[in-house]
Amino acid sequence: MQSKLPHTGTTIFTIMSKMAAEHDAINLSQGFPDFEIAPELIDMVHHHMKAGRNQYPPMPGVPALREQIASKIEKLYARNTDPDSEITITTGATEGIYATITALVHPGDEVIIFEPAYDLYDPTIHLCGGKTVRIKMQFPDYQIPWDEVREKVNDKTRLIIINTPHNPTGTVLTSSDMQQLEGIVAASSAFVLCDEAYEHIVFDEAGHESMLKHPALTERGIAAFSFGKTFHATGWKMGYTVAPREVTEEIRRIHQWVNFTVNTPIQWAMADYLKDPDHYLEVSPMYKKKRDLFQQLTKGSNLRPLKCSGTYFQLMSYESISTLGDFDLASKLTKESGIASIPVSAFYDDKEDNKVLRFCFAKTDETLEKAAAIIREL
């Protein structure tokens, strides 16, 4: 059988989590918390199940939830968003990103992505017949080389995909970055897709620089968000997109044939839960404590932490302890030392290896203490 994605194998997240399970290793590879979500949110889901809200909701999402999202966007980013025509509830940020790329990219179109890049982008571009144009962020600070972006944008550029806070590096885009992007977009016909799944996990004082803060970008911009990342419920696969009316119409054309709609009682529960802003405003401080704890616990290790300004991932350089490739070392540490991580080369098309591993610190303090004890011995 001829494959549509012949060069796409199993994701590195699945590979490393499976390896961790097989060797009973502490799993700091795949990005999911090992602590429970808020009991109040579970109670809200149960309430709406018992209230009979278990059948198909409207295809774009429950109106009450879209209205709460619009209210949240106005509070945080001072943007007036129409919940009926600009917000679509999706099966996680993943489906929102997939639907957006599929809606916008046609055969022959070029799409700019920045490496190391989340592994969803390129396969989706390929399925649409598009061409992926890769630009490498500058190691070790992972800054975007905007002059190179300007050189790569041309009449075929359909879409530029940015990700902030950035997975896997933990970097965040600044207001200056967004201004650079605004100038590039203004001089082209390209759209911008901003993957903002980790919107509420930012540690810099400036906070999250959402695309939605910038009117010049929102005119041709789509932002994708994740409830799973914010509320520690990755298995619920709940997210949404925000886009101009005409783009939203195209996203929904794809969305309705991918999965039509999203879990009804959870949508209603999210609508209730968002009414209290503390439920999302308290997330960044909580994860900052976990980042600081992980960095403190691993102090003195031969692994060197890189700067982490957002997400719940900490990159660590191992260049002082091994010449092994990052996948080989990640496998060795999983099997022999009992700790699983993600090799960052997996996020590059050419498998560029800077001797860096990604560790997830969205874990209980007990888990982080056990993991750090292993890391200190490396």
Side-chain angles (χ1 to χ4, degrees), residues 4-5 8 11 56-63 65-66 69-70 73 81-114 117-132 157-164 167 185 189-199 210-212 217-230 233-264 266-267 270:
K4 284 192 171 182
L5 294 171
T8 300
T11 71
Y56 293 127
M59 180 269 287
V62 168
L65 176 55
R66 287 183 279 129
I69 292 170
I73 291 170
T81 306
D82 184 351
D84 292 328
S85 64
E86 296 184 315
I87 297 172
T88 305
I89 309 302
T90 59
T91 307
T94 299
E95 191 243 326
I97 292 166
Y98 177 88
T100 298
I101 296 172
T102 306
L104 293 178
V105 177
H106 299 82
D109 285 344
E110 294 185 0
V111 180
I112 292 176
I113 68 171
F114 300 96
Y118 185 59
D119 59 1
L120 164 67
Y121 308 149
D122 178 62
T124 309
I125 295 164
H126 181 82
L127 285 173
C128 296
K131 176 186 176 183
T132 301
T157 306
R158 179 66 168 175
L159 186 63
I160 300 170
I161 302 179
I162 58 174
N163 174 203
T164 185
N167 176 19
V185 171
S189 59
F191 288 88
V192 174
L193 168 58
C194 191
D195 178 353
E196 303 187 31
Y198 297 91
E199 165 194 27
S210 175
M211 184 198 75
L212 300 178
L217 290 178
T218 57
E219 290 177 2
R220 270 187 277 154
I222 306 91
F225 299 89
S226 168
F227 286 124
K229 300 297 191 299
T230 300
T234 60
W236 287 6
K237 295 300 294 177
M238 292 283 295
Y240 58 97
T241 60
V242 180
R245 178 190 296 267
E246 61 275 14
V247 178
T248 293
E249 288 176 356
E250 296 305 314
I251 289 172
R252 290 177 181 177
R253 291 181 197 275
I254 304 300
H255 168 69
Q256 69 178 340
W257 302 124
V258 173
N259 58 343
F260 180 64
T261 191
V262 180
N263 187 294
T264 304
I266 295 180
Q267 287 198 59
M270 286 294 181

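Every heavy atom of this structure was used, including side-chain atoms; hydrogens, water molecules and symmetry mates were not.
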Student: List in chain and number order the residues that pass side chain to side chain donor-acceptor pair (under 3.5 Å) with T218, two or more places apart in sequence or in another chain; answer none if no residue qualifies.
Tutor: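 T218 satisfies side chain to side chain donor-acceptor pair (under 3.5 Å) with no residue once adjacent residues are dropped.
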Student: Sequence neighbours left out, what pairs pass salt bridge (charged side-chain N to carboxylate O under 4.0 Å, His left out) with at least one residue falling in residues 117-132?
Tutor: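 Every salt bridge (charged side-chain N to carboxylate O under 4.0 Å, His left out) pair that includes a residue of residues 117-132, provided the two are not neighbours, is D122-R134.
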Student: So, E199 and S210: side-chain donor and acceptor under 3.5 Å apart, yes or no?
Tutor: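 Absent: no donor and acceptor within the cut-off.
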Student: Quick one: list whatever passes side chain to side chain donor-acceptor pair (under 3.5 Å) with T234, sequence neighbours left out.
Tutor: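 Per chain and number, T234 pairs via side chain to side chain donor-acceptor pair (under 3.5 Å) with no residue.
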Student: Within a strict 4.5 Å, meaning less than it, do heavy atoms of the I73 and F225 side chains meet?
Tutor: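 No, every pair of side-chain atoms sits at 4.5 Å or beyond.
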Student: Rounded to the nearest 0.5 Å, what separation is found between the CZ atom of F227 and the OG1 atom of T90?
Tutor: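 Atom-to-atom, F227:CZ and T90:OG1 are 9.0 Å apart.
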Student: Could you give the distance from CD1 (I254) to CD (E249), rounded to the nearest 0.5 Å?
Tutor: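 One finds 13.0 Å between CD1 of I254 and CD of E249.
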Student: Given 3.5 Å as the limit, does a donor-acceptor pair link the side chain of R220 with the main chain of A190, or not?
Tutor: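 Yes, R220 side chain to A190 backbone: donor-acceptor pair under 3.5 Å.
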Student: Work out which heavy atom in T261 is nearest to a heavy atom in P57; give both atom names and the distance.
Tutor: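 The answer is OG1-CG, 3.1 Å.
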Student: If the test is side-chain contact (heavy atoms from CB on, under 4.5 Å), which one of N263, L65, V62 qualifies with M270?
Tutor: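 Testing each of N263, L65, V62 against M270, the sole residue satisfying side-chain contact (heavy atoms from CB on, under 4.5 Å) is L65.
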Student: Would you say the side chain of V111 lies within less than 4.5 Å of the side chain of I101, judging by non-hydrogen atoms?
Tutor: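 In short, these two side chains do not touch, never coming nearer than 4.5 Å.
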Student: Please report the closest heavy-atom contact between I87 and A70, naming both atoms and the distance.
Tutor: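 Smallest interatomic distance, heavy atoms only, reads CD1-N, 3.8 Å.
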Student: What residues form a side chain to side chain donor-acceptor pair (under 3.5 Å) with T11, not counting sequence neighbours?
Tutor: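 Checked T11 against side chain to side chain donor-acceptor pair (under 3.5 Å); matches are T14.
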Student: Would you tabulate the side-chain donor-acceptor contacts of residues 157-164 under 3.5 Å, counting partners in other chains and residues two or more places apart, or write 'none'?
Tutor:
{"residue": "T157", "atom": "OG1", "partner": "N154", "partner atom": "N", "Å": "2.9"}
{"residue": "T157", "atom": "OG1", "partner": "N154", "partner atom": "O", "Å": "3.3"}
{"residue": "R158", "atom": "NE", "partner": "L104", "partner atom": "O", "Å": "2.6"}
{"residue": "R158", "atom": "NH2", "partner": "L104", "partner atom": "O", "Å": "3.4"}
{"residue": "N163", "atom": "OD1", "partner": "N167", "partner atom": "N", "Å": "3.0"}
{"residue": "N163", "atom": "ND2", "partner": "P165", "partner atom": "O", "Å": "3.1"}
{"residue": "N163", "atom": "ND2", "partner": "D195", "partner atom": "O", "Å": "2.9"}
{"residue": "T164", "atom": "OG1", "partner": "L173", "partner atom": "N", "Å": "2.9"}

Student: For D82, which residues count as a side chain to side chain contact (heavy atoms under 4.5 Å, CB included) partner, sequence neighbours excluded?
Tutor: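 With neighbours one apart ignored, the set is D84, S85, E86, R245.
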Student: Which heavy atom of V262 sits nearest to which heavy atom of Q267, and what is that distance?
Tutor: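 Shortest heavy-atom contact: O-NE2, 2.8 Å.
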Student: Mind running side-chain contact (heavy atoms from CB on, under 4.5 Å) on L193 and I222 for me, showing each step along the way?
Tutor: CA-CA 5 Å; L193 168 58; I222 306 91; 4.0 Å; yes
Student: Under 3.5 Å, sequence neighbours excluded: what are the donor-acceptor pairs made by side chains of residues 236-243?
Tutor:
{"residue": "K237", "atom": "NZ", "partner": "T94", "partner atom": "OG1", "Å": "3.4"}
{"residue": "Y240", "atom": "OH", "partner": "K72", "partner atom": "NZ", "Å": "3.3"}

Student: With rounding to the nearest 0.5 angstrom, report the CD to OG1 distance, E95 to T102.
Tutor: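 These two atoms lie 9.5 Å from each other.
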Student: Just jot down the side chain to side chain donor-acceptor pair (under 3.5 Å) partners of T264, sequence neighbours excluded, or say none.
Tutor: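 T264 satisfies side chain to side chain donor-acceptor pair (under 3.5 Å) with no other residue.
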Student: Identify, with sequence neighbours excluded, every residue that meets side chain to side chain contact (heavy atoms under 4.5 Å, CB included) alongside L127.
Tutor: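 Applying side chain to side chain contact (heavy atoms under 4.5 Å, CB included) to L127 gives K4, L5, Y98.
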Student: Under the salt bridge (charged side-chain N to carboxylate O under 4.0 Å, His left out) definition, can you give me all pairs with a residue in residues 250-262, not counting sequence neighbours?
Tutor: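 For residues 250-262: E250-R253.
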Student: Just how far is it from atom CZ of R66 to atom CD1 of I89, taken to the nearest 0.5 Å?
Tutor: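 R66 atom CZ to I89 atom CD1 measures 7.0 Å (nearest 0.5 Å).
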Student: Enumerate the ring pair (Phe, Tyr, Trp, His ring centres under 6.0 Å) contacts for residues 243-264, please, sequence neighbours excluded, ordered by first and then second residue.
Tutor: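 For residues 243-264, and leaving out neighbouring residues, the ring pair (Phe, Tyr, Trp, His ring centres under 6.0 Å) pairs sorted by first residue read Y56-F260.
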Student: Quick one: OG1 on T88 to CD1 on I251, what's the gap to the nearest 0.5 Å?
Tutor: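 These two atoms lie 6.0 Å from each other.
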Student: List the residues meeting side chain to side chain contact (heavy atoms under 4.5 Å, CB included) with A117, not counting sequence neighbours, and say none if there are none.
Tutor: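 Counting only residues at least two positions away or on another chain, A117 forms a side chain to side chain contact (heavy atoms under 4.5 Å, CB included) with I113, E115, Y121.
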Student: Determine the minimum heavy-atom distance between P63 and P58, stating which atoms define it.
Tutor: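 That would be CD-CG, 4.0 Å.
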